[in-house]
Amino acid sequence: PKLRRWLKKWWMVPVGIVVLIWSANGIYSVGPGSQGVVKQFGREVAKTDAGLHWVARGIRKATVVDLAAVRRLNIGFEEVRPGQFKEVPSEALMLTKDENIVNVHVIVQYRVLDASQFLFKVRDVPRVLRNATEVALRSVVGNTRIDDVLTERRAEVQDETKVFLQR
């Protein structure tokens with residue numbers, strides 16, 4: 001009898017604790033220069049700016065994307081450790097217009113402008129950007145003589161590659 005009376009009075013305590021833990025688990029933070037994308041069952045339903053926000057876990061999920069970060073992609077080489085690099089010949093070796101082989105290294109820096117497009121429009125952004133950069137670079141280098149690639153028109157080759165890639 002005492003146990004029943006106690007249960008009638010206090011049954012809400014464990015339920016309240018579970019609800020409190022579930023609610024606290026849905027709090028997320030979006031830093032300055034970032035944007036949150038809220039998905040409900042895999043579909044975007046909202047975007048959130050900097051600050052503290054809450055989502056109902058299990059129903060909605062938030063992904064935070066840093067829009068201010070400058071991302072970097074190395075073409076023709078990879079960084080093994082800070083300051084130590086390893087050649088990637090399959091990316092670096094290219095044929096010029098006068099049929100010479102040149103070893104080209106490029107660093108692509110980019111920033112995400114739209115969190116939704118970054119998350120939903122392209123499956124693997126670094127891989128797609130790497131492939132597009134290789135195509136652009138091979139196209140420009142393939143239409144340029146070796147002397148121009150290495151010395152005289154080096155800046156022009158960079159600019160043409162940038163324009164080709166941005167198109």
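This is a predicted model, so every value here is computed, not measured.
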Tell me whether [Y] is reachable from [X] by hopping between hydrophobic residues (I, L, V, M, F, W, Y) whose side-chain heavy atoms are closer than 4.5 Å.
X	Y	result
I146	V106	yes
V157	L73	yes
I75	V122	yes
V163	V108	no
V104	V140	yes

Counting only heavy atoms from other residues, nucleotides and ligands, does the tally under 6.0 Å from CD of E99 exceed 12? no
K47 atom NZ, neighbour heavy-atom count above 12 within 6.0 Å: yes
Would you give the length of the straight line joining atom [atom1] of [X] to atom [atom2] of [Y], rounded to the nearest 0.5 angstrom?
X	Y	atom1	atom2	result
T144	E160	OG1	CD	5.5 Å
R154	D147	CZ	CG	13.5 Å
L137	E91	CG	CD	10.5 Å
W54	N25	CH2	CG	10.5 Å
T96	L150	OG1	CG	8.5 Å
L129	R71	CG	CZ	11.0 Å

Is there a side-chain contact between [X] and [Y] in this structure, where contact means two heavy atoms from C-beta onward sitting under 4.5 Å apart?
X	Y	value
L95	I101	yes
D49	V30	no
Y28	V55	yes

Considering all heavy atoms of both residues, which atom of [X] and which atom of [Y] are nearest to each other, and what is their separation?
X	Y	value
A92	N103	CB-OD1, 2.9 Å
Q109	V70	CB-CG1, 3.8 Å
F120	G42	CE2-O, 4.2 Å
D66	G33	OD1-O, 3.4 Å
A115	V37	CB-CG2, 3.6 Å

Between the side chains of E79 and K86, is the shortest nitrogen-to-carboxylate-oxygen separation below 4.0 Å, so that they form an ion pair? no
Whether R145 and D148 form a salt bridge (side-chain N of Lys/Arg under 4.0 Å from carboxylate O of Asp/Glu) is what I want to check. yes
Axial cation check for F118 ring with R123, 6.0 Å and 45° limits: no
Pairing donors with acceptors under 3.5 angstrom, does anything connect the side chains of Q40 and R60? yes
Are side-chain N/O atoms of D114 and Q35 paired as donor and acceptor at under 3.5 Å? no
May I have the step-by-step check of side chain to side chain contact (heavy atoms under 4.5 Å, CB included) for K39 and T63, ending in yes or no? CA-CA 8 Å; K39 298 180 284 186; T63 305; 3.6 Å; yes
Go through I107 and R72 one step at a time and tell me if the side chain to side chain contact (heavy atoms under 4.5 Å, CB included) criterion holds. CA-CA 7 Å; I107 296 173; R72 177 182 166 147; 3.2 Å; yes
Aromatic plane relationship, F77 with F85 - under 30° parallel, 30 to 60° tilted, over 60° perpendicular: perpendicular
Please report the C-alpha distance between V38 and T48 in whole Å, then the side-chain angles of each, then the deciding distance to 0.1 Å, and finally whether the side chain to side chain contact (heavy atoms under 4.5 Å, CB included) criterion is met. CA-CA 8 Å; V38 180; T48 56; 4.1 Å; yes
F164 vs V135, side chain to side chain contact (heavy atoms under 4.5 Å, CB included): CA-CA, chis, key distance, verdict: CA-CA 9 Å; F164 187 103; V135 167; 4.1 Å; yes
